[in-house]
Amino acid sequence: MDSIRIEGLSKQYRDVLAVDNLSLTIKEGELFSLLGLNGAGKTTTIKMLSCLSTPSGGDAYLLGKSILRDSAYVKSFIAVSPQESAVAPGLSVHENLELMCGIHGFTKEKRCAKINELTALLNLGGVIKRKAGKLSGGWQRRLSIAMALISEPKILFLDEPTLGLDVIARSELWEIIRALKGNITIILTTHYMEEAEALSDRIAIMKDGRLLTCDTPDAIKESTGENSIENAFIKIVKGAII
Amino acid sequence: MRMITFAKRNFKEIVRDPLNLAFLFGFPVVLLLLLSAIQANIPISMFELDHLTPGIMVFGLTFMTLFSATLISKDRHSSFMHRLYTTPMTSADFILGYTLPLIPIAILEGVACYIFAAILGLEWNINILISVLFIIPIALLYIGIGLLCGSILNDKQVGGICGALLTNVSAWLSGIWFDLDLIGGVFKNVAYALPFVHAVEMERAIVSGNFENVWIHLLWVLGYATVLIAVAIFLFLKQMKRQ
């Protein structure tokens, strides 16, 4: 079943066409990566799909619900972990998780169970009482993902989740993302090609708001005759194969 | 539920900043102490405790604007707000969540001022309790300005406008530090066209038991508070949609 169906989605900012007539479908439980250079339209696409930004044209259906007409309902089953760590800096890790539980209207029992579950999943036990604003970038990202998972989303948007992290923190986050794979649909944007290759079921490459290609990592490599997604990406974006 | 959760978060963010606490409780206390010391050496009716304390208390409330505007402005420019915008939180949850936690903080500030004034010799009576209750409309006035500034300014601009400009305008045009009749003319007319002097005179009237003078000042304060909050809500929703 399709989790996301995008039909001719566009976004115009004054004289800039950030997303140009984007159409694609993403299956349930799929980990789908959006790749592109800066300004390719990845974050704008995520903003539109997560109802943060209204499209200038087209529509998208998340689990069959329109982002234009049913945005309030769509918000009830999606979650976003934005590019920067989106945490309340003055609150502890536990309080940040509690905040998200409260916003989603959980009972006290469910709140405790959910916080314990996510603390274990993201290994936050050691920092649970520390202020979020005092944590390192890697721990803030973990917390940010935990906060996104609180609502038990069916669709999770991860906007450059490992940006600026060291090798160890990145590899640990990969493990967490792998653990989520299959249970929920994940849309990932990243600048790291090896990350997309290691994690994704399918990859879409965008340039100047347009979709250049969308396929499995192996199929993209095969079609370009390259042995890595990075080389395939460079070839596609430079216009050798479109 | 969502609004209360968000309000609790905002309360914690404000009271956990030691600088906020210093401004809110330390600054009025220091002013009371200094001006009482001046009064002890050179008696001036302006600085008698029953006249001075309501003024200092209202002046302390100007920091409500700084707190609310800074918090909103920082949130607005952070990914944290983007996360919240993708949750089922409504615009009412946001606006009430920013407004309500500041009211108990304002009341605490008033109580702290009166307790310290009592230590310095202010005579306690029931009017002081009434005066503390009337902090609420004044707090709404300053929170409204904060909501408005936080919705349109970045946190650096908030620091300049709410931290420096507003505190000065509020201080000069409120009749706390000097009698406005001493200057008179346009200065006095401008002061009485703004809500700050009315807030101070309302509190002074309550403390001295002149309740017949309270209502006209209350109308000025509530009028300004209503208009400012309405404009602030409009601007907040506008920026929310834009984001």
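Residue numbering restarts at 1 for every chain, and letters A, B, ... go by the order of the sequence lines.
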Qualifying residues under side chain to side chain donor-acceptor pair (under 3.5 Å), relative to [X], sequence neighbours excluded:
{"X": "B:Thr226", "value": "none"}
{"X": "B:Tyr114", "value": "B:Ser131"}
{"X": "A:Ser144", "value": "A:Ser81, B:Arg83"}

Do you know which of A:Ser50, A:Pro82, A:Ala88 has the most heavy-atom pairs under 4.5 Å to chain B?
A:Ala88
Are any of the side-chain heavy atoms of [X] and [Y] separated by less than 4.5 Å?
{"X": "B:His82", "Y": "A:Leu52", "value": "yes"}
{"X": "A:Glu98", "Y": "B:Thr5", "value": "no"}
{"X": "A:Met147", "Y": "B:Phe80", "value": "yes"}

Should the heavy atoms of other residues, nucleotides or ligands under 6.0 Å from CZ of B:Phe234 be counted, would the total exceed 12?
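No, because the 6.0 Å sphere around CZ of B:Phe234 holds 12 heavy atoms or fewer from other groups.
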Evaluate whether atom CH2 of A:Trp174 has more than 12 neighbouring non-hydrogen atoms of other residues, nucleotides or ligands under 6.0 angstrom away.
yes
If the contact rule is any heavy atom under 4.5 Å from chain A, which residues of residues 10-22 of chain B qualify, in numerical order?
B:Lys12, B:Glu13, B:Arg16
Over all atoms of both residues, closest heavy-atom pair of [X] and [Y]:
{"X": "A:Ser76", "Y": "B:Pro88", "result": "CA-CG, 4.4 Å"}
{"X": "B:Arg9", "Y": "A:Leu99", "result": "CB-CD1, 3.7 Å"}
{"X": "A:Lys75", "Y": "B:Thr87", "result": "CD-O, 3.5 Å"}

Sort [X] into side chain, backbone, both or neither according to what part of it lies under 4.5 angstrom from a heavy atom of chain B.
{"X": "A:Ala79", "result": "neither"}
{"X": "A:Val87", "result": "backbone"}
{"X": "A:Met100", "result": "side chain"}
{"X": "A:Phe77", "result": "neither"}
{"X": "A:Pro153", "result": "neither"}

Less than 4.5 Å to any heavy atom of chain A: does that hold for the side chain of B:Ile4, its backbone, both, or neither?
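Looking at B:Ile4, nothing touches chain A.
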